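Take a look at the structure below.
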Amino acid sequence: MKVIIAEKPSVAREIAKVFGATTKKDGYMEGKGFTFTWAFGHLLQLAPPQEYGFYGWNVHNLPMLPAKFKLSIRKVKTKDGLVEDPGVRKQLNIIQALFDEATDIIVATDAGREGELIFRYIYYYLKCKKPFKRLWISSQTDEAIKEGFRNLKPGSDYDTLFNSAHCRSQSDWLVGMNATQALSISSGTRSVLSLGRVQTPTLAMICSRYLENKSFVPQLFYQVSIQVDKEGQVFRAVSTENFKSKEEAQVLIDQVEDVASGFPLGGHILAVEAKPRKEPPPLLHDLSSLQQEANKKNGFTADQTLNLLQNLYESKLVTYPRTGSRYIGDDVFAGIPALLEKFKDHETFGKQALFLTGVKLNKRSVNVKKVTDHHAVLPTGEKPYNLSADKQAIFDLVLGRTLEAFHQECIKEITKITVQSGAKYIASGTVISSAGWRAVFNEPDEEKKDEDNASLPKVKEGENLPVVDKALLEKQTKPKPLYNEASLLKALETAGKEIDDEELRYAMKDSGLGTPATRAAIIETLLKRDYILREKKNLVPTQTGLAVYEVVKDHKIAQAELTGNWEKRLEEIRSGASVTDFQEEIKTYTRSITQELLKAGAGLKLKPV
DNA sequence: GCAAGGTC
């Protein structure tokens with residue numbers, strides 16, 4: 001019997017379908033001499049400190065450096081505290097029974113570091129010794145699966161990938177567990193002050209932005225605007241220069257040749273520029289972009305959006321949600337016309353879906369090289385029925401974006417008129433001449449500059465027009481805004497882009513901080529720890545959060561560079577570099593951060609609980 | 001009581 005193990009049930013089902021295996025059993029499927037089983041993500045985790053004899057939270061245990069890490073079954077929170085997840089225990093038993101019977105094991109967990117780890121932890125935990133082969137595919141279409149099976153790799157080809165994954169896991173444990181206990185113990189409060197490679201830089205980003213925003217001193221500046229009349233249609237033009245003082249602006253205003261000052265035709269048109277600008281459709285959604293959009297449009301938190309999307313996925317209405325790719329491959333693209341066809345009777349989007357069935361589709365989101373483990377989120381084509389308002393909203397964002405992504409460019413006329421009246425003034429305006437993809441949601445352009453006129457009258461160079469009004473504009477410079485969930489998710493994705501060290505920057509370029517699957521959970525952790533809170537749509541630090549930030553802000557653990565450094569080393573391990581060298585460095589770092597925090601925590605400015 | 005990672 002050949003046993004195929006996938007990372008999750010949906011993938012096992014897809015593969016079974018390709019093989020024509022349809023018999024459903026408890027925890028697996030079978031047919032044609034094959035058995036298809038699955039995990040539910042990580043079933044096993046590195047065992048907690050007490051399993052190595054580190055009981056309680058005691059300074060004498062620190063730093064905790066287990067000689068050999070153990071694995072333990074994933075836990076769930078219940079009213080009796082943390083207990084083994086019974087569903088996980090059951091699935092492990094099923095996998096064990098299947099592995100015992102197996103002649104061949106084929107590993108079909110996701111093609112990446114964590115996918116490798118998910119399988120290996122199961123394999124080693126079950127003490128399985130049978131050889132295994134690896135299926136390595138990046139898309140789950142029938143053809144990709146078949147091709148992958150013709151091309152199975154020896155399992156040992158991925159030993160170094162497992163090494164890098166295991167190192168990632170152990171390093172996060174060592175640094176996170178020790179730093180958390182060190183700070184919590186030394187703070188003298190009895191609360192949990194957690195720290196980690198991802199959560200602490202995230203907290204630092206929120207805190208530093210908050211402090212920057214609060215200490216920002218707005219600068220006043222002045223501009224002059226004039227109103228110009230073209231045969232009854234009045235438009236506004238603004239001075240090209242900004243002034244620090246009112247007096248300087250007043251000089252300009254006094255020079256305006258307006259009607260009231262005795263100039264019937266004092267607005268001289270120096271130049272008129274009109275150029276079309278093509279705006280390509282947005283890319284399909286990955287999880288993060290969808291969370292950002294849902295936060296902006298519907299006010300949903302990242303966690304809410306993930307849950308709603310997971311729900312739609314379980315109802316088979318959308319494809320795999322925790323994707324980090326905004327692209328699809330050519331194979332999936334081939335199915336798009338049929339997919340669009342299915343929504344041509346849709347209440348809100350039907351008209352646009354119908355339109356797309358008759359035109360050449362935009363292929364901006366089609367790029368197989370940019371599809372990682374999973375492709376962008378798409379509707380499956382199943383019709384939703386009786387969804388809750390929230391789920392419907394998320395489904396509509398997915399469907400709407402799908403229509404947008406394959407739609408035509410939006411074409412805008414951008415007009416710029418330069419007027420001389422004393423000094424130079426500029427009027428700019430944008431008119432959409434062909435909506436293209438913007439017809440889907442038909443919403444106003446997000447950030448229109450406030451100087452913009454919706455549309456400008458037709459004027460010609462050399463014309464002289466009356467200036468009917470003038471005004472002094474008093475404005476203020478603005479601070480960078482506080483983070484909200486949308487901007488924080490974006491910042492986590494792009495974290496590392498500003499690292500000075502080129503190698504570290506490169507190592508982080510595809511990752512950022514955290515992963516699509518974990519970012520919502522990171523935000524929730526910071527909320528649960530009482531480090532941050534939601535204030536309207538913003539995420540702001542609490543007193544506790546700021547106090548922790550003050551203690552750790554100059555340490556590596558608060559910086560995105562730490563992840564960059566790890567990613568660089570982990571990639572080296574994947575291509576064969578020494579595992580023990582890195583592990584020794586991590587131990588050294590663990591010892592030093594633990595010592596530092598044991599001292600620093602005492603200086604924590606916290607009210608006792 | 002604690003990390004980050006994956007997923008029902």
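A note on names: the letters A, B, ... follow the listed sequences, proteins ahead of strands, and every chain is numbered from 1. Just so we're clear, the structure is a prediction, and the values are computed from it rather than from any experiment.
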D85(A) CG to dC8(B) P: how many Å, rounded?
-> 13 Å
Between dC8(B) (P) and D110(A) (CG): distance, integer Å | 10 Å
Could you check how far CG of N307(A) sits from P of dT7(B), rounded to whole Å?
-> 14 Å
Write down the distance between CH2 (W173(A)) and C1' (dC2(B)), rounded to a whole number of angstrom.
-> 9 Å
Respond yes when some side-chain nitrogen or oxygen of Y121(A) is under 4.0 Å from OP1 or OP2 of dG5(B), and no when none is.
-> no
Polar contact flag, side-chain donor to acceptor under 3.5 angstrom, Q392(A)-D396(A) | yes
For dG5(B), does OP1 or OP2 lie under 4.0 Å from any side-chain N or O of T518(A)?
-> yes
Y55(A) atom OH is separated from dG1(B) atom C1', nearest whole Å, by 16 Å
May I ask you to verify if any side-chain N or O of R322(A) is less than 4.0 angstrom from the OP1 or OP2 atom of dT7(B)?
-> yes
When rounded to the nearest 0.5 Å, the distance separating NE2 of H285(A) from CD of Q292(A) is 9.5 Å
Just checking, is any N or O donor in the side chain of E567(A) or S511(A) under 3.5 Å from an acceptor N or O on the other one?
-> no
dC2(B) phosphate, OP1 or OP2: any side-chain N/O from R529(A) under 4.0 angstrom?
-> yes
Grab the CD-C1' distance between E7(A) and dC8(B) for me, whole Å please.
-> 13 Å
State whether Q45(A) places a side-chain N or O below 4.0 Å from either non-bridging phosphate oxygen (OP1 or OP2) of dG5(B).
-> no
Tell me, yes or no, whether the heavy-atom count around K90(A) atom NZ, taken from other residues, nucleotides or ligands under 6.0 Å, exceeds 12.
-> no
Within residues 556-569 of chain A, residues whose heavy atoms come under 4.0 Å of DNA chain B | none
Nearest-angstrom distance from the residue atom OH of Y531(A) to P of dA3(B) | 9 Å
So which nucleotide from dC2(B), dG5(B), dT7(B) ends up closest to the side chain of P49(A)?
-> dC2(B)
Compare side-chain N and O positions of Q181(A) against OP1 and OP2 of dG1(B) and report whether any pair is under 4.0 Å apart.
-> no
